[in-house]
Amino acid sequence: MIRVEHLQKNYGELQVLKDVNTCIHDGEIISIIGPSGTGKSTFLRCLNLLDKPSGGAIYINDVNLLSPDTNVALLRQKMGMVFQSFNLFNHLSVLENVCIGPVKLLKKSKEEAEQRGVELLKMVGLAEKAHAYPDQLSGGQKQRIAIARCLSMEPEIILFDEPTSALDPTMVSEVLAVIRNLAKKGMTMAIVTHEMGFARDVSSRVFYMDEGVIYEEGTPEEIFEHPKKEKTRAFINRIRDFEYVIHGVDYDLYELNAELMAFCGKHFQPFKVQHNLQLLTEELLQVVPLSKGAQLTFSYSEKTSELMIELFLPGLTELVLGAEGEKEPDMISMSIINGLSKQVDEKLETNGVRIRLELK
Ligand code: ADP
Ligand code: MG
């Protein structure tokens, strides 16, 4: 359906895309992952000519998008795009947002457009908001409207550029659920995303972008379980980890818990695991001195399904958990910690103490 050959894009001296080659077939769901600044958005924007490529060729159903006699407007209509920042018209109602394209560009009658508009709003779960205005909606609802609006133009492929990264953690899943539904219906999609769990179970293929090219591509299993190249491996491992810095005793427990929730969501951890992880973390932070700050790292291994917590306490010169005597840690907290973890390791290092726990 789409064939990309030696695609290049420079911004002045900066070579963002050096040589991108790929094919996207009908019905495929491609996730595009990679560090920020590696040209993922640029790639999507080049695909539908929001950005003019500096070189190479893009074919859609064998029509060269870059040849001067191609009807670009028509081809672009076949490619919907959903952005991080919704881009709804705030002065139009939800239904009007969804109908304006079909009426103006597809020359549909108002009735026909509205009928289809209502169906699409139903599909994204927002039929009851048809007459509301974007300002009255949450971020997750706005993004679902943006998806409905995109579908109203009857695209053959939808390009998503980080559709959930502007959303609060609680709203990510409602948007991902809509995208999952589209996947089930066989919609062809290319999705730039940081939601690795989602990318893993929704995609047919994953592109890892780096160094101006599609650095590695493969099935989700190949990319997430057995990445072949060093940079892919480093990225996959890094994204699995989540770090949280604690500056002192008055750290923000609510923020930490919200981020932990998002971390668990990313890896599709059930509620109970999430709850235990939060509890274990909270108890652990109760029994260690935090006055010099601390660094928390959470990591999850999909291979072994292990959830690890690592806590580094800088500046400490003696162990805390096993300590006896007057500073003996709270016994209730300690028994919760021991009850929830498979293993507790504590190690004295030259510049502090490192504690590692594995959740049961
Ligand atoms: P990603 O989406 O992977 O984070 P982008 O495609 O947004 O990366 O950007 C890739 C690189 O191109 C970045 O270094 C960015 O600063 C640069 N870039 C993107 N858009 C422009 C632009 N319009 N003008 C100049 N530089 C740009
Ligand atoms: Mg981007």
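Just follow the structure's listing: the first ligand is 1, and inside any ligand the first atom is 1.
Close contacts of ligand 1 with L14, meaning ligand atoms under 4.0 Å from a residue heavy atom, involve 12 (O), 14 (O), 17 (C). Close contacts between ligand 1 and S36 involve ligand atoms 4 (O) [criterion: under 4.0 Å to a heavy atom]. Within ligand 1, counting atoms from 1 as listed, the ones closer than 4.0 Å to a heavy atom of R45 are 20 (N).
If you count the protein N, O or S atoms nearer to the Mg ion (ligand 2) than 2.8 Å, you get 1.
Protein heavy atoms are found inside the 4.0 Å sphere centred on atom 27 (C) of ligand 1. In this structure, atom 8 (O) of ligand 1 is in close contact with the protein, since a protein heavy atom lies within 4.0 Å of it.
Scanning all protein heavy atoms for the shortest distance to atom 5 (P) of ligand 1 gives T42 OG1, 3.6 Å. Among protein heavy atoms, the minimum distance from atom 1 (P) of ligand 1 is reached at G37 N, 3.4 Å. Counting only heavy atoms of the protein, atom 23 (N) of ligand 1 lies nearest to Y11 CE2, 3.5 Å.
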- Given side chain to side chain contact (heavy atoms under 4.5 Å, CB included), test I24 with M1 step by step and report yes or no. CA-CA 6 Å; I24 300 176; M1 177 183 189; 5.8 Å; no
- Task: Would you sort out whether D51 and R45 count as a salt bridge (charged side-chain N to carboxylate O under 4.0 Å, His left out), showing the intermediate values?
- Result: CA-CA 5 Å; D51 264 351; R45 287 201 309 268; 3.0 Å; yes
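The number of heavy atoms from other shown groups lying within 6.0 Å of CG (D135) is above 12. Within 6.0 Å of CD on Q136 lie more than 12 heavy atoms contributed by other residues, nucleotides or ligands.
Under the side chain to side chain donor-acceptor pair (under 3.5 Å) criterion, N71 pairs with no residue, sequence neighbours left out. E259 is linked by a side chain to side chain contact (heavy atoms under 4.5 Å, CB included) to F242, Y244, E255, counting only residues two or more places apart in sequence or in another chain. Scored by the ring-ring contact (aromatic ring centres under 6.0 Å, His included) test, F207 finds no partners at all (sequence neighbours excluded).
The side-chain heavy atoms of L260 and Q274, taken from C-beta on, include no pair separated by under 4.5 Å.
Among T22, D62, N21, the single residue meeting the side-chain hydrogen bond (donor to acceptor under 3.5 Å, both in side chains) criterion with R3 is D62.
Polar contact with ligand 1: absent for V16 (N/O pair, distance under 3.5 Å).
Geometrically, K9 engages Y11 in a cation-pi contact defined by less than 6.0 Å to the ring centre and at most 45° from the axis.
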